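Notes for the one structure printed next.
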Amino acid sequence: MLEKTFDPKSVEPRLYAAWEASGGFAPIDDPNAETFAIVIPPPNVTGSLHIGHALNNTLQDVLIRFERMRGKAALWLPGTDHAGIATQMVVERQLAAEGNLSRRDLGRDDFVAKVWEWKAKSGGTIVNQLKRLGASCDWSRERFTLDEGLSAAVRKVFVTLYKEKLIYRDKRLVNWDPHFQTAISDLEVEQREVDGHFWHFAYPLEDGSGEIVVATTRPETMLGDTAVAVHPKDERYQHLIGRAVRLPIVNRPVPIIADDYADPEKGSGAVKITPAHDFNDFMVGKRNNLPMINVFDDFARINDEAPPEYRGLDRFAARKKVVEAFEALGLLRGVEKTRHMVPHGDRSGVVVEPYLTDQWYVNAEVLARPAIKAVEEGTTVFAPKAWEKTYFEWMRNIQPWCISRQLWWGHRIPAWFGPDGKIFVAEAEDGARAQAREHYGRDEPLRQDEDVLDTWFSSALWPFSTLGWPEKTEDLARFYPTHTLVTGFDIIFFWVARMMMQGLHFMDEVPFKRIFINALVRDAEGKKMSKSKGNVMDPLELVDDYGADALRFTLTAMSGQARDIKLSRERIEGYRNFGTKLWNATRFTQMNGAARAEGFDPATVKLPLNRWIVGETTRTAKAVTAALGTCGFDAAADSLYRFVWRQYCDWYVELAKPVLGKPDEPNPPPEGVDREARGGDARRASGDEAARDETRATAAWVLDVILKLLHPVMPFLTEELWGQTAGLGAPRAHRGFLMTAPWPDLPDSLIDPAADAVIGLIVETIAEGRSVRSELNVPNSARPPLMVVDATAAQEAVLRDAEPLIRQMLRVEGVEIVEAAPAGAIPYVVEGATLALPVAEFIDVAAERARLGKEVGNLAVDIDRTAKKLANADFVARAPEEVVEENRERLADAEAAKAKLEAALERLGAVV
RNA sequence: GGGCGGCUAGCUCAGCUGGUUAGAGCGCCUGGUUUACACCCAGGAGGUCGGGGGUUCGAACCCCUCGCCGCCCA
């Protein structure tokens with residue numbers, strides 16, 4: 001006997017350990033099985049599980065469990081990302097907190113050793129948190145981006161692309177993060193709107209004949225100005241082009257040049273040009289052969305290019321000092337407040353500087369071409385499809401990708417410099433040495449590039465590096481291309497696009513066939529969760545409070561095509577209740593002897609009730625299978641919820657009660673077993689042993705199907721119920737965990753329209769009757785008979801046979817077939833049949849008149865609308881025949897029902 | 001400035017390629033010791049589908065336009 005409620009706290013750890021120990025997370029060995037692989041978006045080793053991870057990994061687990069049960073060789077390959085900057089930051093902070101030496105004092109090797117130490121100790125946090133969610137990853141294949149194997153892949157890719165000239169070294173402006181003293185890529189730059197100032201500076205003409213005014217938000221950059229530009233067609237400045245100004249403070253002459261970049265509409269129309277510190281100015285500088293003067297050091301302090309009193313000043317201190325100097329010189333022409341976009345490092349949060357350095361770049365444009373084509377041709381599809389636009393937009397305008405980082409934690413760039421700066425690129429040092437020997441004719445000392453690669457460089461290889469590439473492993477042959485990638489839209493550019501590029505380049509095949517972009521989880525008010533706002537919902541806390549299944553079901557159900565999910569505790573509670581409901585329904589059927597029957601075949605059940613639920617189960621299985629097959633997670637959850645609660649629990653179990661129980665109740669005469677002819681036979685089931693046994697077997701069968709269908713979303717609860725019901729009746733064909741049980745594959749022939757009609761009539765009779773009672777305030781204790789006033793012979797038979805059910809569920813004393821309803825009986829119409837409840841003594845005539853009036857009114861509106869439609873010759877001529885026919889039937893039904901209710905209304909008048 | 005989403009019941013959202021009386025959950029109201037479940041049961045109220053125009057026999061759905069709200073890229 002089951003406990004009263006499901007206890008996730010005790011069940012979850014036990015089941016997870018058992019699953020893991022069983023080896024069931026690994027793909028099956030069968031070489032003929034179709035494969036289905038997912039590579040996890042590797043969380044940062046520094047990470048801990050947030051709600052976004054919970055969503056992302058729940059969906060992956062739903063898919064992998066579904067496909068595993070479908071008999072595929074399902075692989076969910078887990079791992080973590082070394083996360084260059086993030087991890088280096090964490091460890092540096094820890095060193096500082098412990099009062100240890102700084103990174104620089106420690107030196108590179110010792111620092112990196114410290115990071116590995118940290119990783120060994122704290123790097124597994126998120127992996128354990130994933131387990132609490134129920135993630136069925138194949139942990140035996142877990143990888144880390146800095147593993148030896150993955151590092152070998154990184155080196156091989158670097159060397160290959162270098163040889164193909166798709167990786168090159170270039171001196172250009174990069175986004176420089178002065179906090180970490182490293183270059184970062186465009187994508188790691190966040191534009192933030194901040195308050196600032198526009199300072200208007202006067203630059204005196206060199207010959208003393210006047211001045212030209214320029215405006216800037218970054219005064220300190222003027223120390224590196226090498227020109228002033230005006231628009232070539234700007235009338236005001238024609239006479240100045242080719243002349244020069246004397247740069248204040250620096251006291252250097254700089255030319256006045258003509259360039260389209262200057263916008264005559266803005267400010268004075270003249271603009272200062274600092275090619276070494278501004279991306280636009282850099283282009284102007286290139287076009288006009290201007291010198292590029294870098295005035296910063298790596299910390300964005302002023303360097304020796306500036307006058308001595310500025311050297312060593314932080315950029316913001318220098319800014320202040322420059323403004324003061326202009327004011328003192330009488331050259332400050334104005335200050336305006338402004339709000340403007342300023343680039344910030346996404347990790348450091350400090351203002352990023354355009355900075356002129358030598359870096360390594362990937363020619364992304366070339367790599368992007370096949371990646372664009374693959375999506376255009378549908379080799380890889382996005383779901384929802386709308387994201388393809390975002391992908392195309394970026395890929396078609398892609399910029400060179402800066403891949404070198406001046407960090408210590410990461411893949412060291414496999415490039416060595418000779419004494420003269422000549423570069424030798426090889427997978428290992430001896431290769432570089434050999435090249436150098438060849439080049440110089442002798443051994444020369446080589447120095448390896450100090451830099452490491454952008455973290456995303458190694459993540460881009462994830463779908464094949466984790467499978468063993470560049471080795472030709474069995475896994476690689478078997479599981480590449482993977483099937484589905486589940487990820488967030490925030491990393492389409494960072495990661496998805498780059499995996500597409502690298503996968504196609506090195507494997508000649510797309511890395512995945514489908515990319516499902518999941519939504520962003522927000523708080524109940526729709527705000528992005530963030531620590532600073534304090535609105536973060538900790539998934540582990542939610543798992544503690546409601547169980548992993550409730551959280552999983554919630555995330556699955558809310559994961560529609562929308563861009564965000566507004567998560568609230570009420571919602572999770574509701575789905576926790578759903579789990580409890582199924583638990584209790586199981587408990588109930590177990591109490592009533594539900595048990596699997598040996599050789600049970602759902603096609604051969606006799607009772608309409610059982611035939612009906614078998615059909616509904618089939619419909620649900622079809623719907624869930626179709627939905628999960630197309631990433632329709634919300635639709636799958638919805639079908640399950642409605643079926644389990646609204647059909648199985650509310651109707652099937654309720655209707656089965658009289659059949660299952662009270663075996664001592666006298667059996668009705670077992671005459672005429674001709675079910676078909678009579679349209680149904682529910683009553684004779686009551687107390688009848690065959691009927692009872694059939695219902696017990698059917699209930700057990702339906703439950704097993706439910707457990708299977710629900711398992712991908714609620715793995716713990718279903719597995720627990722599977723285990724708890726293992727001993728009830730005949731053993732299951734599948735002896736192991738539900739996790740590896742075969743997915744239901746039910747033929748349409750199990751759907752029986754005749755049974756649907758029988759149960760439909762019974763259900764409607766009860767539901768409508770309840771509605772009548774409730775609206776007229778008929779006391780619960782009243783037990784009138786249900787009168788069948790006007791119905792077809794088949795309907796009469798169904799209702800008569802269903803008497804025990806109707807008696808119990810509608811709280812009536814019996815079902816009577818009558819010629820006419822007695823005065824004061826309350827009529828209602830179900831599927832063309834007129835039924836009545838003689839409850840005149842309880843009712844308020846006015847209330848009943850109102851009720852009937854409302855019904856008649858509703859019908860009149862419907863009749864009117866439908867009649868108009870049918871009166872429209874165009875409609876009859878142009879609409880499909882079945883639509884017209886449907887409307888004709890509808891009109892006839894509504895008119896008949898209306899006539900009956902109007903007659904009742906008249907009789908009501910007569911009563912009073 | 002360019003682009004992408006969204007606007008449907010008090011709240012959160014479903015509504016597939018145009019044909020339903022526009023649905024669900026939560027909340028609300030009424031009633032409930034009924035072979036499991038109060039994390040429950042029964043019933044009910046509540047929507048001119050953001051505004052306007054168009055296409056169509058027929059529009060929540062397609063087209064145009066306007067208005068908010070959100071996100072991405074400049």
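Scope of the values below: all heavy atoms of this structure, side chains included, with no hydrogens, waters or symmetry mates. Quantities reported herein were computed from a predicted structural model and do not represent experimental measurements. Protein chains get the first letters and strands the later ones, always in sequence-line order, with residue 1 at the start of each.
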Heavy atoms under 4.0 Å is the rule here; annotate nucleotides 42-50 of chain B 5' to 3' with B where the base is hit, S where only the sugar-phosphate is, and - elsewhere. SSSS-----

With rounding to the closest Å, how many angstrom separate the [atom1] atoms on [N] and [M]?
{"N": "B:A22", "M": "B:C49", "atom1": "C1'", "value": "8 Å"}
{"N": "B:A60", "M": "B:U8", "atom1": "P", "value": "15 Å"}
{"N": "B:U33", "M": "B:C41", "atom1": "C1'", "value": "12 Å"}
{"N": "B:C37", "M": "B:A45", "atom1": "C1'", "value": "27 Å"}
{"N": "B:C66", "M": "B:G23", "atom1": "P", "value": "34 Å"}
{"N": "B:U35", "M": "B:C26", "atom1": "C1'", "value": "30 Å"}
{"N": "B:A14", "M": "B:G47", "atom1": "C1'", "value": "15 Å"}

Heavy atoms only, 4.0 Å cut-off, all strands: where does [X] land among base, sugar-phosphate and nothing?
{"X": "A:Glu654", "result": "base"}
{"X": "A:Arg571", "result": "base"}
{"X": "A:Arg587", "result": "sugar-phosphate"}
{"X": "A:Lys581", "result": "base"}

Would you kindly give the [atom1]-to-[atom2] distance between [X] and [N], to the nearest whole Å?
{"X": "A:Asn780", "N": "B:G32", "atom1": "CG", "atom2": "P", "value": "7 Å"}
{"X": "A:Ile492", "N": "B:C71", "atom1": "CD1", "atom2": "C1'", "value": "12 Å"}
{"X": "A:Gln590", "N": "B:C37", "atom1": "CD", "atom2": "C1'", "value": "14 Å"}
{"X": "A:Phe578", "N": "B:C26", "atom1": "CZ", "atom2": "C1'", "value": "16 Å"}
{"X": "A:Arg811", "N": "B:U33", "atom1": "CZ", "atom2": "C1'", "value": "11 Å"}
{"X": "A:Phe489", "N": "B:G6", "atom1": "CZ", "atom2": "P", "value": "13 Å"}
{"X": "A:Arg773", "N": "B:U34", "atom1": "CZ", "atom2": "P", "value": "12 Å"}
{"X": "A:Asp490", "N": "B:C73", "atom1": "CG", "atom2": "P", "value": "10 Å"}

Base partner of [N], which must satisfy Watson-Crick or wobble distances under 3.5 Å:
{"N": "B:C40", "answer": "B:G32"}
{"N": "B:A45", "answer": "none"}
{"N": "B:A24", "answer": "B:U12"}
{"N": "B:A60", "answer": "none"}
{"N": "B:U55", "answer": "none"}

Under 3.5 Å: donor-acceptor pair, side chain of [X], backbone of [Y]:
{"X": "A:Trp583", "Y": "A:Glu3", "result": "yes"}
{"X": "A:Arg773", "Y": "A:Arg811", "result": "yes"}
{"X": "A:Ser771", "Y": "A:Ala767", "result": "no"}

How are the rings of A:Tyr391 and A:Phe382 set to each other: parallel, tilted or perpendicular (split at 30° and 60°)? tilted

Once the angle between the rings of A:Tyr652 and A:Tyr648 is folded into 0 to 90°, is it parallel (under 30°), tilted (30 to 60°) or perpendicular (over 60°)? parallel

Just by distance, no angles: are the side chains of [X] and [Y] close enough, under 3.5 Å, to form a donor-acceptor pair?
{"X": "A:Tyr575", "Y": "A:Arg552", "value": "no"}
{"X": "A:Asn577", "Y": "A:Thr580", "value": "no"}
{"X": "A:Asn518", "Y": "A:Ser559", "value": "no"}

A:Asp281 versus A:His277: any side-chain heavy-atom pair under 4.5 Å? no

Which nucleotide in B:G19, B:G32, B:A36 has an atom nearest any side-chain atom of A:Val883: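 Out of B:G19, B:G32, B:A36, the nucleotide with an atom closest to A:Val883's side chain is B:G19.
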
Which nucleotide in B:A36, B:C39, B:G19 has an atom nearest any side-chain atom of A:Cys649: B:A36

Is the phosphate of B:C41 approached by A:Trp645 (side-chain N or O, under 4.0 Å from OP1 or OP2)?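 Result: yes.
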
For B:C40, take OP1 and OP2 only and decide whether either is under 4.0 Å from a side-chain N or O of A:Asn577. yes

Between A:Lys4 and A:Asp874, which has a closest nucleotide on RNA chain B that is more 5'? A:Lys4

Please figure out whether A:Tyr641 or A:Val876 has its closest RNA chain B nucleotide nearer the 5' end. A:Tyr641

